[in-house]
A.B. asks: 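Handing you this structure, nothing more for now.
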Number of protein chains: 2
Amino acid sequence: MNMIDTQTGKETSATRTAYLSVRNMILTGELPAGQKIKIEHLRGKLDMGASPVREALSLLTSDMLVERIDQRGFRAAAASPENFAEILKLRCALEDMALRQSIALATPDWEEKLVLAHHHMTRATGTAQFEEAHKTFHKTLLSNAASPMMERYCDQLYDLNIRYRNLAASEPNYQSRDIPAEHKDIFDAAIARDADAASAALLSHYRLTGEYLALQLTGL
Amino acid sequence: MNMIDTQTGKETSATRTAYLSVRNMILTGELPAGQKIKIEHLRGKLDMGASPVREALSLLTSDMLVERIDQRGFRAAAASPENFAEILKLRCALEDMALRQSIALATPDWEEKLVLAHHHMTRATGTAQFEEAHKTFHKTLLSNAASPMMERYCDQLYDLNIRYRNLAASEPNYQSRDIPAEHKDIFDAAIARDADAASAALLSHYRLTGEYLALQLTGL
DNA sequence: GTGTCAATAAATATCGATATTTTGGAGAGC
DNA sequence: GCTCTCCAAAATATCGATATTTATTGACAC
């Protein structure tokens, strides 16, 4: 006679729901960069009280996706070509360090994870599925660095980069690039424990994408 | 008939008060690393409702001073020798980059700020006053890099480092070091726009302090 | 026209109360 | 003696209402 709730599930809190929703709205551009975020509006849209919304927005501050101004509420983080350039530069510097550490500490276990992550990426079907696998692949590359803070920074920067890709609007059209080959190069070098080659391939991968996106961001 | 409040002042919000208080408690070790933070306890101590306390804790998450576990509240960020080593490494990498950029973009205005910041540090009297001036000096060094995110990271890492200095408990006793001379070296090289020398001096300054602190942290 | 100021409207910040969830422990069963 | 289950007690999470603060508007003087 106990009442295990409807459909078991419900493994979540209102704050978490709000956090994920708003995060997604900002990453996709549904909440435009720099725009004021009205608590009342979100509260209605998400059907919850103001407290979890405020808390979610406060947490999003960590991810540099939301700015908070005392007594004046929240707004979606501004976006600009300069900001994008900075993200790219920081990513290159931090991921270079992290990847080299990962390789220096390479273990069979890490290599196996990497093999799987790469394989999943090549087999992904839909766009969403590929995005997921792509993120996992890049995270796995750095996951052996034994450096949680650095991984956190890299994670943040990855998401900020995704945001700009979405803000660039037009469907990505990667001219003459062979993206799978670029990934394969990074992957092969990492597995071969060739840190210099792996880092070079990774940074080139980022910089090519960066240059391409930067061109489309002149309107910001 | 109107009630302009007592003593005009009151330039602050409850959330901000809570943020600064808790931040200070964690930096000084009054809230020990890893310890659970009870909202009710703080609410009483700071004499305010639970909402601003929660919001302050959520914001402190950005600074990596507080960890949040869904449905299970907040705790002061853990501390460990490994974490300290990571902070040191990241600081060295990021500040090296930032300082070089600052110097590359050097202007008379920046140099003047730097001269003043260094002067204030040499003239500071109390410990608190010196700490303040010291922080300002280091921030000023990087302030010309035109890279807000990098500066934010460096700020964070600076505070995390201060925390470990406080956690190391015993009064700092910098053996045979001449701290003012170390600062002077950094300062002179920066003013001379010698990026290599400035960076070398800065990193040496950090690493010496780091080694010294690391010895005292074995108990963590 | 243009700028200032007060009144109003809107939004944020905060409180106090309540609903949920987790934690700790006391017995029941093995 | 050791788990496991189930029940308080404690703490967190969330709501709805209210107090404050900021933004807007329009009248009025210059």
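Sequence lines set the chain letters: A, B, ... in the order given, protein chains first and strands last, and positions in each chain run from 1.
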A.B. asks: What about the rings of A:His134 and A:Phe130, do their centers lie closer together than 6.0 Å?
C.D. replies: yes
A.B. asks: Please confirm whether the backbone N or O of A:Met150 pairs with a side-chain atom of B:Glu86, one donor and one acceptor, at under 3.5 Å?
C.D. replies: yes
A.B. asks: Counting only N and O atoms by type, is there a donor-acceptor contact under 3.5 Å from the side chain of B:Asn144 to the main-chain atoms of B:Leu105?
C.D. replies: yes
A.B. asks: Produce the list of close N/O pairs, under 3.5 Å, pairing protein atoms with atoms of nucleotides 11-15 of chain C; give distances to one decimal.
C.D. replies:
unit_1, atom_1, unit_2, atom_2, d
C:dT12, OP1, A:Lys36, NZ, 3.2
C:dA13, OP1, A:Gln71, N, 2.8
C:dA13, OP1, A:Arg72, N, 3.4
C:dA13, OP2, A:Arg54, NH1, 2.6
C:dA13, OP2, A:Arg54, NH2, 2.6
C:dA13, O5', A:Arg54, NH2, 3.4
C:dT14, OP1, B:Ala14, N, 2.4
C:dT14, OP2, B:Thr15, N, 3.3
C:dT14, OP2, B:Thr15, OG1, 2.5
C:dC15, OP1, B:Gly49, N, 3.3
C:dC15, OP2, B:Gly49, N, 2.5
C:dC15, N4, B:Ser51, OG, 3.2

A.B. asks: Under 30°, 30 to 60°, or over 60°: which ring-plane class applies to A:Phe137 and A:His183, parallel, tilted or perpendicular?
C.D. replies: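 Rings of A:Phe137 and A:His183: perpendicular, as their planes differ by over 60°.
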A.B. asks: Kindly compute the distance separating OG (B:Ser58) from CD (A:Glu55), expressed to the nearest 0.5 Å.
C.D. replies: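 Here the interatomic distance stands at 3.5 Å.
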